[in-house]
2 protein chains.
Amino acid sequence: MAGVAVSTVSYVINRSGQVSEETRLRVNSAINALRYEPNLLARNLKAGRAGSIGLIAPDLRNPYFAAVASGVQDIAQSRDMLLVLCTTQSAQHWENYYSQVLRARRLDGLLFLSGSGMLTPSLMELVQSDSLVLVDERLPGLDVPSVVSTNRRGARAVADHVLSQGHQRVGIISGPPNLWTAGQRMAGYREALAAARIDPDAVPVVAGDYQQESGYAAARILLSGAPAARPTALICANDLMAIGAMVYCREIGLDVPRDISLCGFDDIPLASLVQPGLTSVDQCGETLGRSACRLLLRLIAQPSAEDQDPIETDHPTKLVIRGSVVPPVAA
Amino acid sequence: MAGVAVSTVSYVINRSGQVSEETRLRVNSAINALRYEPNLLARNLKAGRAGSIGLIAPDLRNPYFAAVASGVQDIAQSRDMLLVLCTTQSAQHWENYYSQVLRARRLDGLLFLSGSGMLTPSLMELVQSDSLVLVDERLPGLDVPSVVSTNRRGARAVADHVLSQGHQRVGIISGPPNLWTAGQRMAGYREALAAARIDPDAVPVVAGDYQQESGYAAARILLSGAPAARPTALICANDLMAIGAMVYCREIGLDVPRDISLCGFDDIPLASLVQPGLTSVDQCGETLGRSACRLLLRLIAQPSAEDQDPIETDHPTKLVIRGSVVPPVAA
DNA sequence: CTTTCGACATGAACCGTTTCACATCTTCGA
DNA sequence: TCGAAGATGTGAAACGGTTCATGTCGAAAG
């Protein structure tokens, strides 16, 4: 050292306490000479906070999740928070693992994008104690802070649009049944069908897992009937599956949109780049991520209870019309 | 507690030391009763390691970076390492900020994907001391561990392919000049041009920034000449820019590939989904990420010096031929 | 009956900070 | 001349673990 107690150094670094100008200078020059850097690990141990938040999400490759993550990181960055990224491949096993690890590491908060739609045991414990925000997921009984987009309304809008073109025979590729978003979107579709005087229960539905391949497979099933009985439009619960379906349609010689209309959900960047552009619902993952991160940081700042800020916020969705939906040819 | 010293508890948890079966049981049941969880912050402070590594990358929205990140996370996950994600928007300011923060936090290692092509001061300090692995970037003088793909060879291959179709007038949309990858790709293009007896210096080149918009803008410049003098093929240094160029070509009424051929680099998922499929070079970001992470963990395990493992590894690239490149119509 | 040894358990030091409470030294007013 | 009040600096106790060096005890060995 340079002739001074460690506590003094601490005061110099933190600009707190009263330190004379002279010693301050002395300490600072010593710091420079020694290329000293405070050990944040120790600082955090003392402070009892980690200075970082965790993001648990199924998979970065999905552009929607990437968008959310990007929004989260934006806010975290501006608040000097580090972002720990955990991917689960939608496996409960990993969801559980990470919620445990992140708790043990005493992260300040957790953002959770569920891939499985279930709360794992470890997550369950987080619900009460720590700061946890669910993104695009809402639990039936529990009162967990969450940020979601208006999935049902968006689904209703896009389905309305498809039906308004005159399609009578439609097929639905839905999401994983136990995911909240999938349920909401399905509800929106059914609303639209009912409004168009089509019996929702008579419409063929195949569930996918939000991945492109499952869209491909689901399309195969939905289009396996006789051409006359085939749907003239496929309503897909997300863009990736819609694109998978599009690939399948092309493979069997169907022209999109002439022979079959297609719509998606999420409005990932890809949606505007495929040919024809995919009609979709924009839920702006980035905004969602930002908003979720802001909520989380607010919860961290004032540990729960008496804040009257809404604990669940809804984000608007927007119908984005492109070329993939047109009136059916045989109309 | 349940009648035993804290050191004993520590031994129980870590299975080290010699603890009788009886006390072990007693301690364990107390642990369960109290829902005790060791504080990893403290553990890490003592151990002097953080149990996490950092990934500094320009932007998650770019599917190539997302792929790399995904590969990194795969390996980290399997090694019980947490991944701290930092995005820089290619700004030196943030690159510098994060390399400093991550050092102060005593992260175990750092993976760096440069967006600016320069080593910032803080990163410079990391070069010597800590464990740092560069991904798809190589510094001229310095001997920094790095994992790269064979950019030059890949570029050569795709350019060879374009030229072999008979294109005489080509234009190049290159990457940011001070990025290593951009330089390598450019070198590959020039090799191919020379081999096809075209003077590389006579070929129009516009530099973009690897983003889609810049591809759009670059295409506008390259295609601004008289139709007869216009390039019949655009060689783009990455897929995003190629797609931007494709959008521009369509806007001015050019048909891809009939009127103009286009090729990219990276082979992001999008490349196979646009219409026509984009001819590209697969460098498998995920594999790269995995490999980089593995190298980093190896460096962390045995702190440098006498390991004869190669410190720079090259990953092969693969030409992926799709429909976007065909012979010029006027050939 | 003493010594030796191994099996268990423990106290205390340490990791690198922050922060409270106190010690020291001026300086100033009464 | 003395005491009080600032102004500065410091020692030590945390934070929550790990781990070394001991200590204690019973049993086997001499």
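Below, read A as the first sequence line, B as the second, and so on, with proteins coming before strands; counting in each chain starts at 1. All values reported here derive from a predicted model rather than from experimental measurement.
Among the atoms of the strands shown, none is found under 4.0 Å from any heavy atom of Asn44(A). Within 4.0 Å (heavy atoms only), Glu21(B) reaches no atom of the nucleic acid at all. Residue contacts for Ser20(B): at a heavy-atom cut-off of 4.0 Å it reaches the sugar-phosphate backbone alone, with no base atom in range. Across all strands, Thr8(B) comes closer than 4.0 Å to base atoms (heavy-atom distances). Glu22(B) comes within 4.0 angstrom of no nucleic acid atom, judged by non-hydrogen atoms across all strands.
The pair Arg79(A)-Asp108(A) does not count as a salt bridge, with every side-chain nitrogen at least 4.0 angstrom from each carboxylate oxygen.
One atom, CZ of Arg49(B), and another, C1' of dG16(C), lie 18 Å apart when rounded to the nearest Å. Rounded to whole Å, the distance from CZ on Arg103(B) to P on dG16(C) is 16 Å. Atom pair Leu34(B):CG and dG17(D):P shows a separation of 12 Å (rounding to whole Å applied). At whole-Å resolution of the value, CG in Leu40(B) and C1' in dG16(D) are 11 Å apart. Put simply, CG on Leu41(B) is 18 Å from P on dC15(C), counting in whole angstrom units. The CZ-C1' distance, from Arg26(A) to dT10(D), rounds to 13 Å in whole Å. One interatomic measurement links the two molecules: CZ of Arg15(B) to P of dT18(D), which rounds to 12 Å at whole-angstrom precision.
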_Criterion side-chain contact (heavy atoms from CB on, under 4.5 Å) on Val148(B) and Glu137(B), from CA distance to verdict_ = CA-CA 6 Å; Val148(B) 304; Glu137(B) 178 75 38; 5.9 Å; no
*Run the side-chain contact (heavy atoms from CB on, under 4.5 Å) check on Tyr98(A) and Leu82(B) step by step: do they pass?*
CA-CA 9 Å; Tyr98(A) 278 121; Leu82(B) 254 31; 4.1 Å; yes
*Check step by step if side-chain contact (heavy atoms from CB on, under 4.5 Å) holds for Asp266(A) and Gln283(A).*
CA-CA 6 Å; Asp266(A) 282 354; Gln283(A) 60 171 333; 2.7 Å; yes
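Along DNA chain D, the nucleotide closest to Ser7(B) and the one closest to Leu45(B) are compared, and the more 5′ of them pairs with Leu45(B).
Defining each end axis of the helix from dC1(C)-dG30(D) to dA30(C)-dT1(D) as the rotation carrying four pairs' C1' atoms onto the next four, with five pairs an end, the two axes are found to diverge by 70° to 10 degrees.
Taking 4.0 angstrom as the limit, Asn39(A) places none of its side-chain polar atoms (N or O) nearer than this to OP1 or OP2 of dC15(C). Between Tyr11(B) and dA7(C) there is no side-chain polar atom (N or O) within less than 4.0 angstrom of OP1 or OP2. Note on Arg43(B): every side-chain N or O is 4.0 Å or more away from OP1 and OP2 of dG16(D).
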Can you list, pair by pair, the side-chain donor-acceptor contacts under 3.5 Å of residues 46-59 of chain B, counting residues two or more places apart and other chains?
{"from": "Ser52(B)", "atom 1": "OG", "to": "Ala50(B)", "atom 2": "O", "distance (Å)": "3.4"}
{"from": "Asp59(B)", "atom 1": "OD1", "to": "Arg61(B)", "atom 2": "N", "distance (Å)": "2.9"}

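Listed for the Asn151(A) side chain is a donor-acceptor partner under 3.5 Å among the backbone atoms of Ser149(A).
Atom OG1 of residue Thr87(B) and atom CH2 of residue Trp94(B) lie 8.5 Å apart, to the nearest 0.5 angstrom.
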